[in-house]
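For reference, the structure is listed below as structure tokens.
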Amino acid sequence: MIPARLHSLSIAVLLLGLVCAMVIAADLVRHKKHMWIMNVVWPVTALFGTLWIVWQHFTYRRLAEDARAKDAMARLLGTKLSVDTVEFWFMMQIAMICGFLTAYPVNWWLIRTGLKEKM
């Protein structure tokens, strides 16, 4: 028999995920993403990521509205970086490492489940 607390917790978390997805979807109606698929990805991710994804969505939306990545680096560093500088490419290396670390667990899971082939 399933414990009543687990049943109640499951319902609460699933409802929270649904509410989070609806909050993000409502925001996306007013602030559409440049890549249309992200208008689907954010609400779907909120179904299981709940409050963490809502926080990320609004944080990154504000950053995107403030400026693009180059301008974000300029705010962090106090100066704009040009593509022909070693500092730009150093920051690009850091970004690539962050991207790799972010994508690795998902790719590992896709390969392990057979949804993606090993390369």
So how far is it from T45 OG1 to W42 CH2, rounded to the nearest 0.5 Å? 7.5 Å
Going by atom types only, do K32 and N39 share a side-chain donor-acceptor pair under 3.5 Å? no
L6, CG: over 12 other non-hydrogen atoms inside 6.0 angstrom: yes
Inter-residue atom distance R112.CZ - K118.NZ, 0.5 Å rounding: 10.0 Å
Taking the side chain as every heavy atom from C-beta outward, state whether L28 and H57 have any atom pair closer than 4.5 Å. yes
Suppose we screen for salt bridge (Lys or Arg N to Asp or Glu O under 4.0 Å). Which residues come up paired with R30, at least two apart in sequence or across chains? D27
Does the side chain of Q93 come within less than 4.5 Å of F90's, by heavy atoms? yes
To the nearest 0.5 Å, what is the distance between OG1 (T50) and CG (L14)? 10.5 Å
Is there a side-chain contact between Q56 and W52 (heavy atoms, below 4.5 Å)? yes
A21 and P43: which non-hydrogen atoms are nearest, and at how many Å? CB-O, 3.3 Å
List, by chain and then residue number, the residues other than L16 in its hydrophobic cluster (Ile/Leu/Val/Met/Phe/Trp/Tyr, side-chain heavy atoms under 4.5 Å); write none if there are no others. L51
Nearest 0.5 Å please: distance from the NE2 atom of H7 over to the OG atom of S10. 7.5 Å
Please list, chain by chain and in numerical order, all residues satisfying side chain to side chain contact (heavy atoms under 4.5 Å, CB included) with V13, sequence neighbours excluded. L9
Working to the nearest 0.5 Å, report the span between CG of D84 and CH2 of W89. 10.0 Å
Considering all heavy atoms, the nearest I53-I24 contact: CG2-CD1, 3.9 Å
Looking at CH2 of W108 and OG1 of T113, how far apart are the two atoms once the value is rounded to the nearest 0.5 Å? 9.5 Å
